[in-house]
Amino acid sequence: MKKVLATEKAPAAIGPYSQGVRGGDYVFVSGQLPIDPATGAFAGEDITSQTRQSLTNIKAILESGGLSMDQVVKTTVLLKNINDFAAMNEVYATFFEGECPARAAFGVAALPKDALVEIEAIAYCGES
């Protein structure tokens, strides 16, 4: 069974995809750019503010499906500049406490809208 998650507390999809999709016991959150849904603009021009907004968007999408960041089991972080890793990681650590999810982080040549970061997540919502 597939269920689409959508919320106005995160930016609307800018293409043919959903903000999030629940498939069985998992929720897959599409890559989130650092767009503030209230303004439609980036939350800031630095990696710290952009990381915070990307993760805030993920949190809002998960909450729309009754989930929390504690249920995230895997993330992927795409960085325009891999040298921003340490600053991104400091903000990232404020969203995940205790048992953190698995993660991959990559430096990429470019991101949509020239963002500094994009983050996607997978959450487990089944019985443990």
Side-chain angles (χ1 to χ4, degrees):
M1 186 167 117
K2 176 174 125 174
K3 179 183 177 189
V4 171
L5 301 180
T7 178
E8 292 180 3
K9 294 180 180 179
I14 57 173
Y17 62 90
S18 300
Q19 289 175 326
V21 175
R22 180 173 179 163
D25 290 339
Y26 292 90
V27 168
F28 301 87
V29 178
S30 293
Q32 292 300 300
L33 294 174
I35 297 172
D36 181 335
T39 66
F42 285 154
E45 297 301 318
D46 60 281
I47 191 63
T48 300
S49 58
Q50 289 197 14
T51 299
R52 185 174 297 107
Q53 187 64 54
S54 290
L55 289 166
T56 298
N57 293 342
I58 288 171
K59 183 178 177 183
I61 294 164
L62 290 172
E63 288 175 349
S64 77
L67 301 166
S68 71
M69 295 295 272
D70 290 340
Q71 292 168 274
V72 174
V73 295
K74 171 73 169 69
T75 63
T76 303
V77 179
L78 306 173
L79 294 164
K80 183 177 176 183
N81 184 342
I82 197 67
N83 293 323
D84 284 338
F85 181 85
M88 173 280 298
N89 203 45
E90 284 184 36
V91 175
Y92 184 96
T94 67
F95 282 81
F96 297 104
E97 298 176 10
E99 296 179 350
C100 296
R103 178 179 75 187
F106 301 95
V108 297
L111 290 167
K113 298 187 175 238
D114 207 28
L116 300 179
V117 65
E118 180 175 2
I119 304 172
E120 68 175 12
I122 301 170
Y124 181 70
C125 50
E127 297 296 321
S128 53

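Bear in mind the structure is a predicted one, so any value in this text is a computation, not a measurement. Heads up: numbering here begins at 1 and tracks the sequence.
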Same hydrophobic cluster for [X] and [Y], using side-chain heavy-atom links shorter than 4.5 Å among ILVMFWY?
| X | Y | result |
| --- | --- | --- |
| F42 | L79 | no |
| V117 | L78 | no |
| M88 | I82 | yes |
| F95 | V77 | yes |
| I47 | V91 | yes |

Check: Can you name the closest pair of heavy atoms from P37 and P11 and give their distance?
Finding: CB-N, 3.8 Å
Notebook entry, point to check: Minimum heavy-atom separation for A115 to P34, with atom names?
Noted result: CB-CD, 3.8 Å
[X]: side chain to side chain contact (heavy atoms under 4.5 Å, CB included) partners, not counting sequence neighbours:
| X | answer |
| --- | --- |
| Y17 | A13, I14, S30 |
| F96 | L55, M69, V72, T75, Y92, C100, P101 |
| A43 | Q53 |
| T7 | K9, A10, Q19, A60, I61, S64 |

Next item on the list: Give me the one residue out of I58, N57, V29 that meets side chain to side chain contact (heavy atoms under 4.5 Å, CB included) with I119.
Entry: I58
Straight-line distance of [X] [atom1] to [Y] [atom2], nearest 0.5 Å:
| X | Y | atom1 | atom2 | answer |
| --- | --- | --- | --- | --- |
| R52 | E90 | CZ | CD | 10.5 Å |
| T94 | N89 | OG1 | CG | 10.5 Å |
| T76 | I122 | OG1 | CD1 | 6.5 Å |

Next item on the list: Just jot down the side chain to side chain donor-acceptor pair (under 3.5 Å) partners of D70, sequence neighbours excluded, or say none.
Entry: none
Checklist line | Contacts of K80 that satisfy side chain to side chain donor-acceptor pair (under 3.5 Å) - sequence neighbours left out | finding: D114
Note to self: Would R22 and L67 count as a side-chain contact (heavy atoms from CB on, under 4.5 Å) here? Give the steps.
What the structure shows: CA-CA 11 Å; R22 180 173 179 163; L67 301 166; 5.8 Å; no
